[in-house]
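One structure below.
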Amino acid sequence: LDFLIDAIQALQRKTDRSFRVVIAGDGELLEILKRKIGQAGLTETVLLLGYRTDTDRLLAASDIYMNSSQSEAMSFSILEALANQLPIMATDAGGNRELVATKPVCGMLSPYGDVEHFSDGLCQMIENADLRRQYSAAAYQKAKGMFSLKQMTEHVYQTYQHE
């Protein structure tokens, strides 16, 4: 999340629009993250919610989903965001490319560590409602068409049927 905080700090320099970043979860690095947010002057912008069981409500109240992972397999959190029709801003790690940048494209990817590129993508999404709507519609289409339980079960069945 250090990378994400750096990108949010850069984003504040690029847009006059008001925005909030909500981070749900806890862990051993939470205190370090709190200090970094304070040092960056982002305590009013970045909200740390701690452990939550109502992530569906948080996603439903969101406009954009961000994933700033350095490494990733197939991100279930991105799948949940797609099912909630959220445009995605993510790092180009692991399975994120398949989830975000293949047709239908439902967001933008950035190399991990490229603060300017990640914040530029966020800025485009924040300032362009049409782009958000386009990615949102694609996210829903992808979640229901390619990653529904029925589709995934059929894919697994087809994979192992030939063995």
Side-chain angles (χ1 to χ4, degrees), residues 1-102 105-128 131-132 135-136 138-140 142-143 146-149 152:
L1 293 173
D2 278 352
F3 166 59
L4 178 63
I5 300 307
D6 291 341
I8 297 308
Q9 195 171 26
L11 177 60
Q12 278 194 320
R13 293 189 299 268
K14 295 176 182 187
T15 185
D16 292 332
R17 295 193 187 254
S18 176
F19 64 90
R20 296 286 180 272
V21 176
V22 176
I23 299 174
D26 58 11
E28 60 190 45
L29 300 176
L30 188 60
E31 290 305 315
I32 295 169
L33 185 60
K34 282 181 186 177
R35 278 195 300 278
K36 178 159 178 107
I37 290 167
Q39 291 167 350
L42 296 173
T43 55
E44 298 295 318
T45 302
V46 180
L47 310 173
L48 296 175
L49 303 182
Y51 176 77
R52 300 293 290 249
T53 59
D54 62 343
T55 54
D56 282 344
R57 285 183 50 212
L58 295 174
L59 290 171
S62 298
D63 296 312
I64 299 168
Y65 181 81
M66 294 178 288
N67 179 300
S68 60
S69 294
Q70 185 173 6
S71 63
E72 191 76 63
M74 179 67 72
S75 172
F76 285 109
S77 63
I78 291 180
L79 285 171
E80 288 177 304
L82 293 174
N84 278 276
Q85 303 179 39
L86 289 173
I88 310 293
M89 184 67 220
T91 50
D92 192 2
N96 291 355
R97 177 166 292 280
E98 181 182 358
L99 292 174
V100 177
T102 60
V105 175
C106 53
M108 297 181 190
L109 293 176
S110 173
Y112 178 82
D114 190 336
V115 169
E116 293 305 313
H117 192 271
F118 197 92
S119 61
D120 284 346
L122 282 172
C123 191
Q124 286 178 48
M125 281 197 237
I126 286 172
E127 294 185 353
N128 188 335
L131 182 63
R132 283 195 314 277
Y135 287 155
S136 178
Y140 183 76
K142 184 172 277 189
M146 296 174 66
F147 294 102
S148 69
L149 182 58
M152 292 177 80

Next item on the list: State, to 0.1 Å, how close A7 and S119 come at their nearest heavy-atom pair, and which atoms those are.
Entry: O-CB, 3.4 Å

Checklist line | Closest approach of M108 to V100 (non-hydrogen atoms, all atoms of both residues) | finding: N-CG1, 3.7 Å

Item checked: Distance-minimising heavy-atom pair for Y140 and A83 -> CD1-O, 4.4 Å

Next item on the list: Would you give the length of the straight line joining atom CG of D114 to atom CG of D92, rounded to the nearest 0.5 angstrom?
Entry: 11.5 Å

Check: With side chains defined as the heavy atoms from C-beta onward, is the minimum distance between L49 and L58 less than 4.5 Å?
Finding: yes

Margin query: I'd like to know if the side chain of T43 and the backbone of G38 have a donor-acceptor N/O pair within less than 3.5 Å.
Written below: no

Note to self: Are there over 12 heavy-atom neighbours, none belonging to R97, within less than 6.0 Å of that residue's CZ?
What the structure shows: no

Item checked: Partners passing salt bridge (charged side-chain N to carboxylate O under 4.0 Å, His left out) against R35 (at least two apart in sequence or in another chain) -> none

Checklist line | Partners passing salt bridge (charged side-chain N to carboxylate O under 4.0 Å, His left out) against E44 (at least two apart in sequence or in another chain) | finding: none

Notebook entry, point to check: Going by the angle between their ring planes, with limits at 30° and 60°, are Y112 and F3 parallel, tilted or perpendicular?
Noted result: tilted

Next item on the list: Kindly compute the distance separating CD1 (I32) from CG (L1), expressed to the nearest 0.5 Å.
Entry: 11.5 Å

Notebook entry, point to check: With sequence neighbours left out, what residues match D120 under side chain to side chain donor-acceptor pair (under 3.5 Å)?
Noted result: K14

Notebook entry, point to check: Is there a donor in the side chain of E80 and an acceptor in the side chain of T55, or the other way round, less than 3.5 Å apart?
Noted result: no

Checklist line | Distance (rounded to the nearest 0.5 Å) between L4 CG and K36 NZ | finding: 10.0 Å

Margin query: So, taking the atom named CD1 in I88 and the one named OH in Y135, what distance separates them when rounded to the nearest 0.5 Å?
Written below: 11.0 Å

Note to self: Minimum heavy-atom separation for S75 and N67, please, with both atom names.
What the structure shows: OG-ND2, 3.6 Å

Note to self: Testing the basics here: between M89 and L109, what is the closest heavy-atom pair and its distance to 0.1 Å?
What the structure shows: CE-C, 4.1 Å

Notebook entry, point to check: Can you name the closest pair of heavy atoms from V115 and A10 and give their distance?
Noted result: CG1-CB, 3.8 Å

Notebook entry, point to check: F19 and I8: side chain to side chain contact (heavy atoms under 4.5 Å, CB included), yes or no, with the steps?
Noted result: CA-CA 10 Å; F19 64 90; I8 297 308; 3.8 Å; yes

Next item on the list: Starting at CG of N96, measure out to CD1 of I78 and round the result to the nearest 0.5 Å.
Entry: 3.5 Å

Check: Under 4.5 Å between any side-chain heavy atoms of L131 and M125, yes or no?
Finding: yes

Next item on the list: Show the numbers, then the answer: is there a side chain to side chain contact (heavy atoms under 4.5 Å, CB included) between K142 and T102?
Entry: CA-CA 9 Å; K142 184 172 277 189; T102 60; 3.1 Å; yes

Checklist line | Check: Q12 main-chain N/O paired with T15 side-chain donor or acceptor under 3.5 Å | finding: no

Checklist line | Pairwise distance CG(L86) to CE(M66) - rounded to 0.5 angstrom | finding: 11.0 Å

